[in-house]
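Predicted model, so just to flag it, every value in this text is computed and none were measured. Reckoned from all heavy atoms, side chains included, excluding hydrogens, waters and symmetry mates.
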Amino acid sequence: MTTAFFDRHTSRLSVGSATSGSRRHSLLSTDGITNTWEQAYEPSAASAGGASAWRQAYVASDTGDTAGVQSTSLALPDDSRFTTCLALSDDQPLAAVGSGSHETNMFFVQTLDDQLDVKASFASKFPIYALAFKANLLMAGTDRNTSVLYHVDRARLLGFGDDGSDDGPLVRCVGTYKNKSARSIDVAAPGSHVATRRVACVEFAPPFAGSTGGTWPPSGVAQTADVFLACLGGVVNIWDAAASSGGQQHALRVEKVSAQPVARATWSPLAPATLVAAGGGDGVVSVLDLRRRGKALAWRTAGSWGGDAVADVAWSPHVPYWLATTGSDGDSVSLWDLRYAGSAPAATLTTGAGCTGAVRSLAWSATHVDLLATGASDRSWRLHALRAPADGAAVSASVVSVRRAADDVGGVVAVRAKGSTFFSLSACGDLYAHRVTSAALVGAAAHRPAAAELAHVEEAVYARDIRGAAEAVLAQQADADAVRALCDLFKAKPRPQPSSWTLPPLPQNTDEQPQGGDVPAVAALAADLAYYGYGLPPDFPLEATAARVPAVWQALERLNGASLRSRLEALVAQAEQAGDAATVDGRPLWRAVVDRQAQIVQSVRGDTAPLDARLLRSAVKLVLPHDCIAGLTLGLAVCDAFLANHNASPVPLPAERACTALDGLVHVLLFPTVFDQGDLPQPDASEPAAARPTPSPDVATVRQRIAECLAACPAAVVAMVRLEIRVQEAVLRGGEQAHVAERIVAAMADHAAHVATLLPASGVPRLQIHPAYPATTTLSASAVRLYLNALVPMRAYDDYL
């Protein structure tokens with residue numbers, strides 16, 4: 001089956017096969033760095049049967065599938081064997097490959113998990129040196145200083161629908177954009193390099209995150225506009241595809257970055273999507289902030305840094321201020337922390353033993369903060385795991401997997417990531433898909449020395465086997481230290497917000513290297529990697545996973561409850577030792593307890609019971625002396641949670657989860673109660689509950705009677721706590737005595753009417769509640785006395801008597 005394509009821009013017709021099959025390419029595949037091709041050919045290895053071992057590895061690698069990383073390859077039908085660029089569709093299994101050929105120079109490949117298939121080929125008038133996908137739009141960079149925009153009917157191309165277009169060509173040109181350079185390049189001028197009209201890089205901007213501030217995006221550009229950049233020479237051109245595709249040829253911004261050609265420029269993928277990083281022949285990495293008026297240069301590496309010509313630049317998709325770069329002549333990767341001056345990299349990663357070529361392209365993992373892939377001129381693709389040392393030294397990297405083409409002579413020119421799969425493209429027309437499986441991730445997981453017994457859980461979380469990790473958590477009993485480690489492991493970390501970091505001031509002389517400027521960056525990168533690289537990445541959909549998998553939900557409830565219990569115990573113990581002067585994170589201890597009210601209630605309502613009533617009583621007692629209403633509200637929330645569990649359970653609950661376990665808490669909330677003995681002074685109406693006298697000595701008897709009331713009608717006792725809040729609020733609100741009395745009497749009347757609906761028709765003799773007499777409907781002696789005192793100014797003598 002063949003498909004015809006018409007290019008309105010070039011008026012050329014090409015025919016491509018829509019059913020081209022894929023083939024498995026011969027790979028010399030190794031997991032790790034100890035069995036590389038070069039080592040297999042050492043004389044000592046050959047004399048000991050190394051050549052035979054190499055032949056076996058070569059034959060076994062024909063499928064490209066080995067434990068850890070499963071690799072599939074496809075030889076593109078590019079007769080010139082001059083492939084240059086690769087672009088991936090974000091939401092469809094489709095890749096576009098460009099070629100420097102003057103004949104067929106664009107290929108569309110279906111990218112499934114286990115195979116790659118050429119769906120169509122296309123001939124543009126000019127060679128293609130850069131590609132970028134956005135939905136059904138494909139931008140191409142040519143060698144005639146123009147960028148060409150194509151509309152791609154992806155659904156028809158993949159054979160499962162229609163993108164809304166008519167029955168016209170599957171690929172059609174919809175716009176051209178003539179890029180500007182620093183100077184005329186029609187004629188090569190004498191200098192350090194031959195001027196080129198090749199558009200080396202194109203890339204669509206990510207969606208703008210609301211108002212970005214400053215002057216970007218311009219007032220006439222919608223937040224959903226198809227904005228893209230194109231690099232020509234040392235200049236970055238920024239375009240709005242819709243506004244500039246007609247007769248108007250005006251770029252939104254034209255930024256000169258370097259006197260040498262820019263090899264790579266890329267948008268920051270994270271909010272607010274106003275930063276562009278670029279690097280090229282002069283070895284300097286620059287960051288443009290498009291919110292700036294005038295020149296957009298906001299950060300750059302020092303000229304005295306001495307790096308090679310930059311071959312590729314990549315933003316971390318997880319941490320907005322991490323940037324990775326590689327030089328065209330070196331075998332290392334530089335990591336930068338943009339919060340610090342660019343005097344030197346925050347870390348320099350070597351590609352490992354066996355790499356004999358320069359790193360030409362790199363890509364961060366889309367699923368793991370600490371995984372980075374590189375492609376080198378020696379035909380190798382490597383997956384690296386970043387490691388943060390415990391002693392505060394610089395970040396290092398270990399090689400997780402290596403893939404090398406065995407029958408190519410061209411190096412890797414592009415590496416891209418999508419989901420758990422990395423794609424690499426060789427200069428000779430071979431496309432590879434490297435799918436990272438759990439077998440590779442288990443071996444690459446970072447471990448904390450303090451949680452050695454949890455290594456299997458760390459490995460399961462890193463391999464994104466959340467169900468398996470949750471089942472392991474439920475199957476073991478963890479101590480306090482292990483609980484803290486597990487909470488860090490399962491923590492859904494928030495992504496750093498744009499307001500949480502800034503670029504440092506740009507030095508007046510960028511060739512001057514700030515003294516010690518790289519030392520904080522080294523430590524900061526290591527600390528951030530230890531935090532973000534451990535466990536789950538930022539914005540991981542943990543709640544959605546828990547909603548689908550009951551075991552995950554149960555494990556999270558257990559961990560949250562255990563962590564909360566440990567924290568509450570620490571707060572109570574600290575308060576007992578240091579008293580009211582103690583603080584945590586600059587706040588009073590009681591405020592830290594109040595801030596955790598929602599967590600406390602959620603833990604009580606959970607299937608597990610990590611918070612016992614005694615600890616909850618101590619937490620409420622910590623709050624009451626400082627904020628009576630806040631303490632009563634917290635206690636009421638706990639009582640409501642116990643009552644909800646009681647009502648929802650078809651069988652009697654265990655003693656620690658039954659409502660009768662609240663006897664001590666209710667005693668604290670309603671103290672002094674009508675059961676307390678001893679001569680207690682009459683409370684002042686303006687006196688808060690915190691200033692009430694201490695309990696009588698016979699506490700056990702009082703709480704036993706409260707437990708009997710809770711067993712008889714727990715809903716009525718919980719209603720008494722709610723009444724206590726209304727009475728205390730009426731007193732604390734103040735005002736004229738008559739008005740205070742009216743509020744207290746009204747609260748008592750509403751409570752008595754509500755309690756009447758809770759009691760059975762025959763009543764509950766042990767409660768001795770008579771709704772017709774409101775004073776009998778609460779166990780709080782304070783509320784009863786305030787109510788009786790309120791009846792006097794209202795002249796309600798009958799009720800009083």
Side-chain angles (χ1 to χ4, degrees), residues 129-130 181-183 185 191-196 198-201 203 229 231-236 255-266 268 275-289 295-316 321-338 340-351 355 357-363 372 374-377 394 411-415 503-504 506-515 517-518 521-522 525:
Y129 291 96
S181 61
R183 58 183 178 179
I185 55 177
S192 58
H193 69 278
V194 177
T196 176
R198 178 182 299 177
V199 177
C201 176
E203 184 174 304
L229 62 81
C231 299
L232 179 63
V235 176
V236 177
E255 296 289 340
K256 182 180 178 180
V257 176
S258 170
Q260 301 289 331
V262 172
R264 174 70 168 160
T266 179
S268 170
L275 300 180
V276 175
D282 59 359
V284 175
V285 181
S286 304
V287 174
L288 309 177
D289 189 347
K295 192 172 180 60
L297 181 64
W299 185 94
R300 68 180 305 179
T301 58
S304 58
W305 170 53
D308 298 323
V310 177
D312 201 2
V313 179
W315 293 91
S316 168
Y321 43 80
W322 285 2
L323 194 67
T325 63
T326 182
S328 60
D329 298 326
D331 60 350
S332 62
V333 174
S334 300
L335 300 182
W336 306 86
D337 189 327
L338 299 186
Y340 301 90
S343 57
T348 301
L349 313 176
T350 59
T351 55
C355 182
V359 177
R360 304 298 300 275
S361 185
L362 54 86
L372 184 73
T374 59
S377 58
V412 177
V413 296
V415 176
L503 295 169
L506 193 65
Q508 295 297 325
N509 183 0
T510 56
D511 290 336
E512 295 180 359
Q513 180 172 341
Q515 296 296 323
D518 57 333
V522 171
L525 179 65

Looking at side-chain heavy atoms only, is the closest gap between Y129 and V199 below 4.5 Å? no
When every non-hydrogen atom of G279 is compared with those of V313, the smallest separation belongs to N-CG2, 4.0 Å
Is there a donor-acceptor pair closer than 3.5 Å between any side-chain N or O of T301 and the backbone N or O of V285? yes
Backbone N or O of G342 within a donor-acceptor pair of the W336 side chain at under 3.5 Å? no
Write down the atom of V522, the atom of A346, and the distance for their closest heavy-atom approach. CG2-O, 3.4 Å
Give me the atom names and distance for the closest heavy-atom approach of G281 to A309. O-CB, 3.6 Å
Between V413 and S361, which heavy-atom pair has the shortest distance, and what is it? O-CB, 4.0 Å
Would you say the side-chain atoms of K295 pair up with the backbone N or O of K256, donor to acceptor, closer than 3.5 Å? yes
Any residue meeting salt bridge (charged side-chain N to carboxylate O under 4.0 Å, His left out) with D331, in chain and number order, not counting sequence neighbours: none
Check whether any side-chain heavy atom of T266 lies under 4.5 Å from a side-chain heavy atom of V276, and answer yes or no. no
Separation between OG of S316 and CG of L372, rounded to the nearest 0.5 Å: 9.5 Å
CD/E203 to CZ/R264 distance, rounded to the nearest 0.5 angstrom? 5.0 Å
Is it true that the side chains of T326 and D312 contain a donor and an acceptor less than 3.5 Å apart? no
Any donor-acceptor pair under 3.5 Å linking the side chain of W299 with the backbone of Y340? yes
Give me the atom names and distance for the closest heavy-atom approach of L503 to A298. CD1-CB, 3.6 Å
Below 4.5 Å, heavy atoms only, C-beta onward: do L525 and W322 meet side chain to side chain? yes
CG on L229 to SG on C201, rounded to 0.5 Å: 5.5 Å
Measure from the side-chain N and O atoms of S377 to the backbone N and O of A358, and report whether any donor-acceptor pair falls under 3.5 Å. yes
Shortest non-hydrogen separation from A263 to V310 and the atoms involved: CB-O, 3.4 Å
Just wondering, do T374 and V333 contact through their side chains at under 4.5 Å, heavy atoms? yes
Can you list the residues that meet the side-chain contact (heavy atoms from CB on, under 4.5 Å) rule with S286, with sequence neighbours excluded? V257, V284, L297, R300
Residues in side chain to side chain donor-acceptor pair (under 3.5 Å) contact with D337, at least two apart in sequence or another chain: R339
Apply the test side-chain contact (heavy atoms from CB on, under 4.5 Å) to residues L349 and L335: give CA-CA distance (whole Å), side-chain angles for both, the deciding distance (0.1 Å), then the verdict. CA-CA 8 Å; L349 313 176; L335 300 182; 3.8 Å; yes
